[in-house]
Amino acid sequence: MTRPVVSVRDLVVRFPSLDGSSEVRAVDGVSFDIRPGETFGVIGESGSGKSTVGRTLVGLLAPTSGTMAFGDRDRAAMTRAEWRTERRHYQMIFQDPNAALNPRMTILDSLTEPMRIAGGRSKADMQDTALAALEKVGLRRDMAQRYPHELSGGQKQRVNIARVLPLSPRLIVCDEVVAALDVSIRGEILNLFKELQDDLGVAYAFIAHDISVVAQISDRIAVTYLGQFVELGPTEGIIDDPLHPYTVALLSAEPQPLPTHLRHRRRMTLEGDIPSPANPPSGCRFHTRCPWATPDCASLEPEWRELKPDHRVACHHATEKGMPPLPVRESVSSD
Ligand SMILES: Nc1ncnc2c1ncn2[C@@H]1O[C@H](COP(=O)(O)OP(=O)(O)OP(=O)(O)O)[C@@H](O)[C@H]1O
Ligand SMILES: [Mg+2]
């Protein structure tokens with residue numbers, strides 16, 4: 001099998017809580033590989049640690065513990081200079097199209113900035129490369145002379161994509177990149193991501209609340225809950241035959257209808273608020289909201305089991321056929 005673009009093992013990222021009295025376990029023991037040229041989707045409720053995973057992947061945050069290998073190199077074994085060179089290939093695009101654009105810089109200057117920081121290119125080369133990147137994302141070259149406020153949100157997001165292309169990215173972390181855009185242009189931007197991937201072979205970590213967006217673009221999907229992955233598998237498997245009760249609940253809560261071939265039959269409502277990541281429940285973290293929970297679920301942490309090919313789940317009760325029928329309560333019904 002080809003070597004992953006990035007391999008993450010037992011990743012933990014903790015932050016001091018606001019009053020400093022405890023720690024927020026934003027990411028608490030996550031392991032996964034991102035394969036070359038794939039789209040690795042990440043879904044989960046607000047605060048489940050999706051952005052923290054993404055920021056750690058591109059070196060904006062340092063792991064509290066765990067290992068990360070980029071290509072065949074262990075991050076911990078790289079010198080600072082080696083990491084500076086390597087991390088250029090791991091880029092991030094944010095929800096806010098303005099986040100990476102300086103309002104006082106022309107689009108051309110914003111496009112050449114990452115190349116200037118990387119060094120080693122002439123001014124003419126950087127400008128040519130920037131203009132070519134602009135065309136690649138579907139914008140005219142004369143846009144280069146404009147300022148960010150003269151562009152629409154969708155155009156700015158295209159510029160943000162163009163900014164990272166000259167760095168030969170192996171992985172782009174896309175954190176809610178279409179969430180701030182008008183619904184009518186989300187599809188265009190998603191198509192652009194797909195076209196660039198076909199062309200350049202770049203992998204994406206695609207983080208979003210909107211499951212239908214993630215399902216449209218992802219090869220595999222990881223489902224996060226309170227800083228952990230509860231399920232990871234091929235998109236069709238996750239959407240059509242989810243193994244974890246939390247995934248079942250997320251799909252049921254989906255307001256926008258999923259494409260028919262991706263629609264899930266079972267309904268389940270998610271009750272209660274997401275617990276605090278500063279003080280997560282014992283055993284299986286989902287047990288406080290899970291209709292299938294038994295006493296074991298409160299005391300034993302479930303193992304990460306591969307129940308179907310390439311499809312893993314952390315749940316004591318999951319079977320390869322999904323969840324067994326609920327014995328008493330009526331929380332699940334079939335359409
Ligand atoms: N820099 C920080 N300092 C302190 N706590 C943080 C920091 N960044 C994130 N957190 C906390 O870590 C947890 C996970 O946050 P994260 O932003 O990764 O979640 P998310 O899944 O991306 O949420 P959303 O869907 O709202 O973007 C949250 O409880 C958050 O408050
Ligand atoms: Mg986030």
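Both counts, for ligands and for their atoms, begin at 1 and track the order of listing. Computed over heavy atoms, backbone and side chain alike; hydrogens, waters and symmetry mates excluded.
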**OP:** For Pro277, counting its heavy atoms only, list the atoms of ligand 1 lying under 4.0 Å from any of them.
**Re:** 29 (O)

Subject >> atom 30 (C) of ligand 1 protein-contacted, heavy-atom criterion under 4.0 angstrom >> reply: no

Original post:
For the residue pair Phe229 and Trp304, does the interplanar ring angle fall in the parallel (under 30°), tilted (30 to 60°) or perpendicular (over 60°) class?
Top reply: tilted

**OP:** Pull out every atom of ligand 1 sitting under 4.0 Å from any heavy atom of Ser51, numbered as shown with elements.
**Re:** 17 (O), 18 (O), 20 (P), 22 (O), 27 (O)

**OP:** Return yes or no for this condition: an N or O of Val24 is under 3.5 Å from an N or O of ligand 1.
**Re:** no

Subject >> Within-cut-off N or O pair, Ala26 and ligand 1, under 3.5 Å >> reply: no

**OP:** Could you label the plane-to-plane angle of the Tyr147 and His149 rings as parallel, tilted or perpendicular, counting under 30° as parallel and over 60° as perpendicular?
**Re:** parallel

Original post:
Ion pair present between Arg14 and Asp28, side-chain N to carboxylate O less than 4.0 angstrom?
Top reply: yes

Subject >> Exam field: side chain Gln157 to backbone Val178, donor-acceptor pair closer than 3.5 Å >> reply: no

Original post:
Taking N or O atoms only and a 3.5 Å limit, does His209 qualify as a polar contact for ligand 1?
Top reply: yes

Subject >> Heavy atom of the protein closest to atom 14 (C) of ligand 1 (residue, atom name, distance) >> reply: Gly47 O, 3.5 Å

Original post:
Within the stated cut-off of 2.8 Å, is an N/O/S atom of Ser51 closer than that to the Mg ion (ligand 2)?
Top reply: yes

Original post:
Among protein heavy atoms, which sits nearest to atom 26 (O) of ligand 1, and what does the distance come to when rounded to 0.1 Å?
Top reply: Ser46 OG, 2.5 Å

Original post:
Does Ser299 use its side chain to pair, donor to acceptor, with the backbone of Gly283 at less than 3.5 Å?
Top reply: no

Original post:
Hey, are Thr112 and Arg116 close enough side-chain-wise for a donor-acceptor pair under 3.5 Å?
Top reply: yes

